[in-house]
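Side chains are part of it too, since the values below use all heavy atoms of this structure and drop only hydrogens, waters and symmetry mates. Computed from a predicted structure; not experimentally measured. Within every chain, numbering begins at 1; the chains are lettered A, B, ... in the order of the sequence lines, protein sequences first and strands thereafter.
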There are 2 protein chains.
Amino acid sequence: MRTDIELETEVMTLLKKHDLRLTQVRKEVLSVFLIKEQALSQSDIEENVGQIDRITLYRTLRSFEDNGLIHRAIDGTDKLRFALCVDLCEKENHKHNHAHFHCEKCTKTICLNGVEFPKIIHPAGFKVKETYYVMQGVCSKCQ
Amino acid sequence: MRTDIELETEVMTLLKKHDLRLTQVRKEVLSVFLIKEQALSQSDIEENVGQIDRITLYRTLRSFEDNGLIHRAIDGTDKLRFALCVDLCEKENHKHNHAHFHCEKCTKTICLNGVEFPKIIHPAGFKVKETYYVMQGVCSKCQ
DNA sequence: AACATTTTTGCAACATAGTTTCAAATACAA
DNA sequence: TTGTATTTGAAACTATGTTGCAAAAATGTT
């Protein structure tokens, strides 16, 4: 666990590191990501911060994404989710090599940072820039 | 290539095989999938059939999916796309083990049926039912 | 600490997509 | 060909994505 002060500090450091101004909205949203430790959709976040403007949240997520703070966690559902980048991600240059797992029971999506996926043979003539690996099923807690 | 008669026959056979009534809408929509040979979003289909009700199309796609005729082709974009099942798919039991490729230039998504992906180690305690492998980049035609 | 500049926020307004209900139309089987 | 079950299309509503703009807030500078 992490104290409130530690959380506050971590949030500030992360925002600064990614060239983002320290605003109230951003601090709150980033805190949710740090506490929850799972991929979050827009509505997930709305439920976890007190009273936030829908459009502002929408733009906050985009700016986090643009600045390499979060990435899209494709999980095979209709909902777009975002997850904290582990490290090394930069503007316009996200580097992710992990799978995402979506639990159909609790509907949570988590990054499986320990599960690297093997390089598969790319079809001839195709230039592959980004690869996603998604697993759906039941997570350990919901068995 | 396939003649109109052959297409008509194929459509009928496929619908019957999947316990779907032979309606005008279904025949048209399925024809588009057979002709296009790529993953299609709702709007892709609307552009390729003459005048179709939005809600009916929405329900048609769901019924096709439920009856194992098409599957969701997750391609990492915001748009939900569907692609024809290759074979063997049944209600509630889709079996897909191929990757999807989304071209950022022509925005087409295709199934890479020849590209099987290796089984990766699943995290302990997780029950994996479905796996998706998605690649984004530039396809051979758009190089 | 106050100001100027730039960014961010919140609102209005609009576009698109997902979903349910229900009556009319259609498909199919007896 | 008729009866039954399914499908369709319209209305209505909800949710989500997006832009423009003025007010508010954040940051750098005096």
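In this structure A/Lys79 satisfies the side chain to side chain donor-acceptor pair (under 3.5 Å) test together with A/Ser43, sequence neighbours excluded. The ring pair (Phe, Tyr, Trp, His ring centres under 6.0 Å) check on A/His102 picks up nothing, with sequence neighbours excluded. A/Phe101 is linked by a ring pair (Phe, Tyr, Trp, His ring centres under 6.0 Å) to B/Phe126, counting only residues two or more places apart in sequence or in another chain.
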Side chains of residues 134-143 of chain A: which donor-acceptor pairs under 3.5 Å do they make with residues two or more places apart or in other chains?
from: A/Gln136; atom 1: NE2; to: A/Asp75; atom 2: O; distance (Å): 2.9
from: A/Gln143; atom 1: NE2; to: A/Val138; atom 2: O; distance (Å): 3.1
from: A/Gln143; atom 1: NE2; to: B/Gly125; atom 2: O; distance (Å): 3.1

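Across all their heavy atoms, A/Leu40 and A/Val32 have their closest contact at CD1-CG1, 3.6 Å.
A donor-acceptor pair under 3.5 Å is formed between the side chain of B/His71 and the backbone N or O of B/Ala83. B/Ser63 places a side-chain N or O within 3.5 Å of a backbone atom of B/Thr60 that can act as its donor or acceptor partner.
Between the CG atom of A/Asp19 and the C1' atom of C/dT8 there is a distance of 16 Å, given to the nearest Å. Atoms CD (A/Gln51) and C1' (C/dT9) sit 12 Å apart, rounded to a whole Å.
Screening residues 1-13 of chain A for salt bridge (Lys or Arg N to Asp or Glu O under 4.0 Å) gives A/Arg2-A/Glu10 as the qualifying pairs, with residues at least two apart or on separate chains. For residues 21-45 of chain B, the pairs satisfying salt bridge (Lys or Arg N to Asp or Glu O under 4.0 Å) are B/Asp44-B/Arg81, with sequence neighbours left out. Here salt bridge (Lys or Arg N to Asp or Glu O under 4.0 Å) pairs that include residues 47-59 of chain B, with residues two or more places apart or in two chains, number zero.
Extent of DNA chain D lying under 4.0 Å from chain B heavy atoms, first and last nucleotide in 5' to 3' order, is D/dA5 to D/dA12.
Residue contacts for B/Lys16: at a heavy-atom cut-off of 4.0 Å it reaches no nucleic acid atom on any strand shown.
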Assign a letter to each nucleotide of nucleotides 19-28 of chain C from its 5' end: B, base within under 4.0 Å of a protein heavy atom; S, sugar-phosphate only; -, no contact.
BBB-----BS

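From one end of the helix from C/dA1-D/dT30 to C/dA30-D/dT1 to the other, with five pairs defining each end axis, the axis direction shifts by 30° (rounded to 10°).
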